[in-house]
Amino acid sequence: MREVLFEELGLTPQKKTKTGYSTDAASLEKIKDQHEIVTVLLEYREVEKLRSTYGQGLLDVADSDGRIRATFNQTVARTGRLSSEEPNLHNIPVRTPLGREFRKAFVPVEGFELLVADYNQIELRVIAHLAEDPGLIGAFEAGVDIHNATAASIFDVDPDDVNVEQRSQAKMVSYGLAYGMEAYGLGQRLGIETGEAAEILKAYFAAFPAVKSFMDDIVEQTKETGYTETIFGRRRPIPDLTSPNFRVRQAAERQAMNAPIQGLAADIFKIALVEIDRSLTNMSAQSRLVLQVHDEVILEVHPDESNAIKTMTIENMKNAAELRVPLEVNVATGPSWAQAKA
DNA sequence: TGGATCTGCCAC
DNA sequence: AAACGTGGCAGATCCA
Ligand SMILES: Nc1nc2c(ncn2[C@H]2C[C@H](O)[C@@H](COP(=O)(O)OP(=O)(O)OP(=O)(O)O)O2)c(=O)[nH]1
Ligand SMILES: [Mn+2]
Ligand SMILES: [Mn+2]
């Protein structure tokens, strides 16, 4: 593709990879108007990704009883998250309408429904707790949805008019900035000028002043000990903090910022998951756990148990840890993963 | 034919 | 890619 676009058609290269000019989606978006094939290629990329990875890929691994059984690795992700392989059930599409179609294929066994419970703004709550940031804590006490507020601010729309895609983008901005994203990277991702991105960054840390100092402290502390540690005691060594290579060292600093947060969120979620499992046993429930996705749990629920299981799941998740801000859970039920959305 | 690497892209 | 973090998978390419 690189050869066709940049040599044969002579389109304008945007950025480079290790081996030549990049043809990734962000680059193609910028040269759409130079040749009609670019839009076609973008559409092909989207459809082929979905067809190969999720269409054929999932059909290939589905068992004869209609279930898909993945391997959940407990010692792969360095932060304490699980990972899922063969297949990866942690990256089933949700962000585009066409991609979301695949979630309709995840259904409960006959006579049951799916219950989906996902922590609300989980890592922002963890940051609020660890950084003791007055802006974040105040927002959570007031019941503010920060992803929504951030979206309203960066896209200049009324908070009530924020759509799903905008909130999703704002999520990326919120976590990106918290974990060391710079104005340049923010501009690239939003498709705006670096200067404009710098204004967004400035506004973010003005609203949440303690986040920056917390991140600086974490990096300093990690340089001294050589590892990060969650409040439950999960340690991650970060030896690259002393690398002579600037790039490697910078990357290590961002890992040090992220690991205690993502790690604590993983600790909390795992505690909740074990408690949910214990409760199901204690209740002698017919309902069962079928999947987890980092801060989300999916249960196959018998209608007779629906209310009890819903209450039990929410309570276990909210009470898995006691932070300076409340833990909140979004929960929904439905006949498929796609439809179990509040 | 198959392993290793690279690019690109899906999710949290 | 110097430029949020954590993952896994498909396809192309290079090479044995
Ligand atoms: N560094 C980073 N972390 C992310 C990103 N997306 C998701 N995460 C992490 C932080 C989130 O708290 C966690 C769970 O993802 P969710 O999609 O459930 O988002 P969150 O819980 O923040 O918001 P929610 O209220 O559930 O929509 O995964 C990202 O783009 N960058
Ligand atoms: Mn969540
Ligand atoms: Mn989630």
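Being a predicted model, the structure only gives us computed values, none of them experimental. Naming convention: chains lettered A, B, ... in sequence-line order (proteins, then strands); numbering from 1 in each chain.
- A donor-acceptor contact shorter than 3.5 Å links the side chain of A:Ser287 to the backbone of A:His302.
- Listed by chain and residue number, nothing satisfies the salt bridge (charged side-chain N to carboxylate O under 4.0 Å, His left out) test with A:Asp304 (two or more places apart in sequence, or in another chain).
- Nucleic acid contact for A:Glu86: sugar-phosphate only, since backbone atoms but no base atoms lie under 4.0 Å from a heavy atom of the residue.
- The nearest heavy atom of DNA chain C to A:Gln188 and to A:Glu48 marks one nucleotide each, and the one closer to the 5' end goes with A:Gln188.
- Using bins of under 30°, 30° to 60° and over 60° for the plane-to-plane angle, the ring pair A:Tyr175/A:Tyr179 lands in the parallel bin.
- Listed for the A:Gln166 side chain is a donor-acceptor partner under 3.5 Å among the backbone atoms of A:Asn163.
- Considering CG of A:Leu327 and CG of A:Asn120, their distance stands at 10.0 Å, rounded to 0.5 Å.
- End-to-end axis angle for the helix from B:dT1-C:dA16 to B:dC12-C:dG5, using five pairs per end and rounding to 10°, comes out at 10°.
- Grouping Ile, Leu, Val, Met, Phe, Trp and Tyr residues whose side-chain heavy atoms lie under 4.5 Å apart, directly or via other members, places A:Leu291 in a hydrophobic cluster with A:Val47, A:Leu50, A:Tyr54, A:Leu58, A:Val61, A:Ile68, A:Phe72, A:Leu82, A:Leu89, A:Ile92, A:Leu98, A:Phe102, A:Phe106, A:Leu114, A:Val116, A:Val290, A:Val293, A:Ile298, A:Trp337.
- Within 4.0 Å of A:Arg249, counting heavy atoms only, lies no atom of the nucleic acid at all.
- Counting only N and O atoms by type, the side chains of A:Ser84 and A:Asn73 include no donor and acceptor under 3.5 Å apart.
- Taking A:Asp161 as the reference, nothing meets the salt bridge (charged side-chain N to carboxylate O under 4.0 Å, His left out) condition, with sequence neighbours excluded.
- Side-chain contact between A:Leu289 and A:Leu273 is present, with heavy atoms from C-beta onward closer than 4.5 Å.
- Across all strands shown, A:Gly185 has heavy atoms under 4.0 Å from sugar-phosphate atoms exclusively, and none from any base.
- For residues 206-221 of chain A, proximity to DNA chain C is found at no residue, defined as any non-hydrogen atom under 4.0 angstrom from a strand atom.
- Among residue pairs with one or both ends in residues 220-235 of chain A, those qualifying as salt bridge (charged side-chain N to carboxylate O under 4.0 Å, His left out) are A:Glu220-A:Lys223, A:Lys223-A:Glu253, A:Glu229-A:Arg235, A:Arg234-A:Asp267; sequence neighbours excluded.
- Between A:Leu186 and A:Leu177, the closest side-chain pair of non-hydrogen atoms falls below 4.5 Å.
- Between the side chain of A:Asp145 and the main chain of A:Asn148, a donor-acceptor pair closer than 3.5 Å is present.
- Within 4.0 Å of A:Arg95, counting heavy atoms only, lies at least one base atom of the nucleic acid.
- Nucleotides of DNA chain B lying under 4.0 Å from heavy atoms of chain A occupy a range whose first and last members, 5' to 3', are B:dC6 to B:dC12.
- Counting non-hydrogen atoms under 4.0 angstrom, A:Val173 reaches nothing in the nucleic acid.
- Using a 4.0 Å heavy-atom cutoff across all strands shown, A:Arg81 reaches at least one base atom of the nucleic acid.
- Base contact: A:Arg189 has a heavy atom under 4.0 Å from a base atom.
- The same atom, P, is picked in C:dA3 and in B:dT7; the two are 13 Å apart, to the nearest Å.
- At most 12 heavy atoms of other shown residues, nucleotides or ligands fall within 6.0 angstrom of atom CD in A:Glu193.
- Listed by residue number, the members of residues 17-40 of chain A with any heavy atom below 4.0 angstrom from DNA chain C are A:Thr17, A:Lys18.
- Against DNA chain C, the stretch residues 255-263 of chain A makes heavy-atom approaches under 4.0 Å through A:Gln255, A:Asn258, A:Gln262.
- Crowding of A:Arg167 atom CZ: a count of heavy atoms from other residues, nucleotides or ligands under 6.0 Å exceeding 12.
- Protein chain A contacts DNA chain C over a range whose 5' and 3' limits, counting nucleotides with an atom under 4.0 angstrom from a non-hydrogen atom, are C:dA1 to C:dG11.
- Between A:His294 and A:His90, the ring planes lie tilted relative to each other; the angle falls in the 30° to 60° range.
- Distance check: A:His129 NE2 to A:Arg324 CZ gives 4.5 Å after rounding to the nearest 0.5 Å.
- Within the hydrophobic cluster formed by Ile, Leu, Val, Met, Phe, Trp and Tyr side chains joined at under 4.5 Å, directly or through other members, A:Ile238 is accompanied by A:Leu241.
- As judged by a 4.0 angstrom heavy-atom cut-off over every strand, A:Lys16 is placed among residues touching the sugar-phosphate backbone only.
- For A:Glu48, the salt bridge (charged side-chain N to carboxylate O under 4.0 Å, His left out) partners are A:Arg51, not counting sequence neighbours.
- Taking the side chain as every heavy atom from C-beta outward, A:Thr23 and A:Arg45 approach each other to under 4.5 Å.
- Where A:Tyr179 and A:Ala77 meet DNA chain C, the nucleotide closest to each residue was compared, and A:Tyr179 sits on the side nearer the 5' end.
- The gap from the P atom of C:dA1 to that of B:dC9 amounts to 13 Å, rounded to the nearest Å.
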